[in-house]
Amino acid sequence: MSELSTNYFVCVAEIAAKLDQATRIAQQLSLTASNARAVALRAGERAAGFRPLTDFIDRLAEITIKSSRSINLLAATLSQTSADKVRADSAIEHFNIVFIKAKDSPFIDSLDEVYQRCQTKQRQLDKSYKRQIDRLSDELIMLSNELRNAVILATLSRVEASQAGIEYQEALINVANNVEGAASKIKEHINYSQQMVSTLEEY
Amino acid sequence: MKTHKLFESKSHTWLMFGRDDDKPNEIIDTNQYIVITHKNALLMDPGGIELFSSMLAAVIKQLPADKITHLFASHQDPDIISSLGLWDQALPSATLHSPWIWESFIKHFGMNNISYSAIPDEGSALKIDQVNLEFIPAHYLHSSGNFNVYDAEAKILMSGDIGAALESVEAPLFVENFDEHISKMKMFHQRWMPSNEAKNDWVSRVRKLDIDMMCPQHGRIFKGDDVKRFLDWFEALEVGVIRKPSAE
Ligand SMILES: [Fe+2]
Ligand SMILES: [Fe+2]
């Protein structure tokens with residue numbers, strides 16, 4: 001029992017940690033967006049096509065930060081549910097031993113009520129555990145889909161950059177690379193978290 | 001887990017549980033006590049989490065679980081009360097009597113159902129059905145908030161860690177030769193108990209009580225003259241010292 005429970009606490013904690021890292025990268029991404037805006041402003045008309053892109057980068061950063069925050073919250077709730085579940089499971093296990101050790105006792109029935117209450121609690125916890133995992137999984141899929149747009153965004157940025165004239169080109173391509181790099185790092189964390197979630201689903 | 005009847009009258013019974021054969025070797029052996037009255041029961045120093053199943057199994061052979069309406073924890077140690085999270089599931093409407101200073105600490109063991117009745121520093125009385133029990137202050141022996149339970153009718157003092165001896169699960173229940181027993185108690189009292197002043201204060205308080213049996217949480221029970229022998233020995237003992245066994 002202890003190995004299993006250590007695992008799920010560690011899993012949940014790791015998911016929270018990964019999403020924390022994702023948040024930090026997303027914050028850098030929003031910095032990139034304001035840099036891009038400054039460059040596009042200086043480039044004037046020639047970078048006109050770039051401006052809607054900076055808004056898009058902003059949105060992506062915002063969504064990632066928001067979604068990370070709610071996933072983090074979910075992970076905390078999940079961790080609490082796991083702790084309650086371990087406690088309920090452990091109570092049931094202990095009672096099972098008592099039922100064996102004291103099977104001949106005339107008072108053994110006096111445990112039935114608390115045993116049933118523990119079992120009900122255990123079932124409730126199982127249900128909310130599954131529900132929380134599902135929500136976590138959904139959130140991760142949503143975030144992952146959102147990140148897919150980042151690749152398109154980076155490609156578009158590069159095209160726009162090439163039209164912005166030689167002196168701004170490098171800065172704008174840099175922006176495109178930043179977006180791509182950030183997105184792929186966040187994606188890595190999400191993938192890892194999704195693996196953790198599928199481990200959790202097995203419990 | 002063995003069960004031994006210490007006292008029986010019309011109004012109540014004292015039982016001792018201990019010498020648990022199923023206990024893992026690396027944890028200290030403990031004695032648990034229960035006072036059973038007509039409709040209720042008080043379980044004292046119910047023990048560690050590792051012991052819970054054996055304890056509940058032993059208890060349930062004697063009385064229905066829901067008759068245990070009161071729990072007592074002399075102090076906050078894990079060997080005393082780390083099983084609380086499980087008792088909390090088994091006895092959701094019970095009351096735990098314990099020193100006020102440990103309330104927010106003991107709750108770390110998990111207490112969502114049981115209610116906490118904080119014992120003030122000066123001690124208090126507890127009446128269960130027709131039985132009068134007293135929580136006698138025993139602070140700093142060894143815990144800084146610590147109580148004994150005294151039953152004037154049964155003349156029993158449940159003394160917690162005071163009088164404790166470190167020995168095996170095969171040890172007899174009662175002290176047979178006090179002088180021989182000293183070697184099993186000396187280090188425990190010197191090393192775990194920090195204050196001579198608190199110790200002497202306790203000795204003078206307990207000398208005024210009429211005691212037939214002094215029942216510690218570890219080791220053997222003191223009967224008759226051995227109670228007085230213990231008080232004399234303990235009074236003369238210097239506590240709060242670290243001494244290597246080889247230096248004796
Ligand atoms: Fe202790
Ligand atoms: Fe102890």
Side-chain angles (χ1 to χ4, degrees), chain A residues 1-10 12-13 75-129 131-132 203, chain B residues 1-3 13 15 17-24 27 32 34 36 38-41 43 46-69 71 78 81-94 107-114:
Chain A
M1 182 210 85
S2 71
E3 203 189 334
L4 202 76
S5 57
T6 312
N7 277 348
Y8 58 61
F9 289 121
V10 173
V12 173
T77 319
L78 194 62
S79 176
Q80 184 58 51
T81 309
S82 307
D84 293 345
K85 210 163 95 88
V86 167
R87 189 162 273 171
D89 292 351
S90 144
I92 296 271
E93 270 175 52
H94 279 93
F95 286 142
N96 285 337
I97 299 171
V98 175
F99 280 120
I100 296 166
K101 280 191 172 176
K103 61 176 184 301
D104 301 326
S105 160
F107 307 113
I108 193 70
D109 297 348
S110 67
L111 273 184
D112 288 350
E113 199 188 317
V114 285
Y115 189 75
Q116 271 155 26
R117 198 180 309 140
C118 280
Q119 276 186 320
T120 312
K121 182 96 189 282
Q122 197 184 30
R123 276 195 293 272
Q124 280 167 355
L125 285 168
D126 272 340
K127 247 186 241 159
S128 42
Y129 181 79
R131 210 171 38 231
Q132 283 158 14
Y203 292 140
Chain B
M1 179 86 64
K2 290 176 189 65
T3 304
T13 306
L15 299 178
F17 304 96
R19 307 294 191 264
D20 184 22
D21 295 326
D22 300 339
K23 165 188 88 64
I27 63 175
Q32 289 70 234
I34 195 168
I36 306 168
H38 283 151
K39 293 199 179 83
N40 298 276
L43 180 60
I49 196 161
E50 293 287 332
L51 219 79
F52 174 80
S53 298
S54 295
M55 247 326 272
L56 182 55
V59 164
I60 209 131
K61 286 174 189 165
Q62 308 298 328
L63 70 162
D66 52 10
K67 197 176 169 183
I68 307 169
T69 45
L71 293 170
I81 190 67
S82 67
S83 57
L84 181 62
L86 292 164
W87 289 108
D88 189 67
Q89 308 280 330
L91 312 171
S93 38
K107 285 185 173 174
H108 275 283
F109 289 127
M111 204 182 98
N112 301 319
N113 304 307
I114 287 176

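So that the names make sense, note that chain A is the first sequence line, chain B the second, and so on, each numbered from 1. Remember, predicted model here, so these are calculated numbers, not experimental data.
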- Query: If you measure from CD1 on A/I92 to CG on B/L86, what distance do you get to the nearest 0.5 Å?
  - Reply: 11.0 Å
- Message: Counting only non-hydrogen atoms closer than 4.5 Å, can you tell me which residues of residues 55-62 of chain B sit against chain A?
- Response: B/L56, B/A57, B/I60, B/K61, B/Q62
- Query: Taking every heavy-atom pair that is under 4.5 Å apart, which of B/D22, B/I49, B/N112, B/L91 has the most such pairs with chain A?
  - Reply: B/D22
- How about residues 98-105 of chain A versus chain B: which residues have heavy atoms under 4.5 Å apart? A/V98, A/K101, A/A102, A/S105
- Task: Decide side chain to side chain contact (heavy atoms under 4.5 Å, CB included) for A/F95 and B/Q89; before the verdict, give the C-alpha distance in whole Å, the side-chain angles of both, and the deciding distance to 0.1 Å.
- Result: CA-CA 10 Å; A/F95 286 142; B/Q89 308 280 330; 4.3 Å; yes
- Answer yes or no: does atom CD of A/E113 have more than 12 heavy-atom neighbours from other residues, nucleotides or ligands under 6.0 Å? no
- So, for A/V114 and B/A90, which heavy atoms are closest and what is the spacing to 0.1 Å? CG1-O, 3.3 Å
- Query: Closest approach of A/S110 and B/P64, non-hydrogen atoms and distance?
  - Reply: OG-CA, 3.5 Å
- Message: Let's test your reading of the structure: which of B/D66, B/D88, B/L63 forms the most heavy-atom pairs below 4.5 Å with chain A?
- Response: B/L63
- For A/K127, does the NZ atom sit with more than 12 other heavy atoms under 6.0 Å from it, leaving out its own atoms? no
- Exercise: identify the closest heavy-atom pair between A/R87 and B/G110: NH1-CA, 3.6 Å
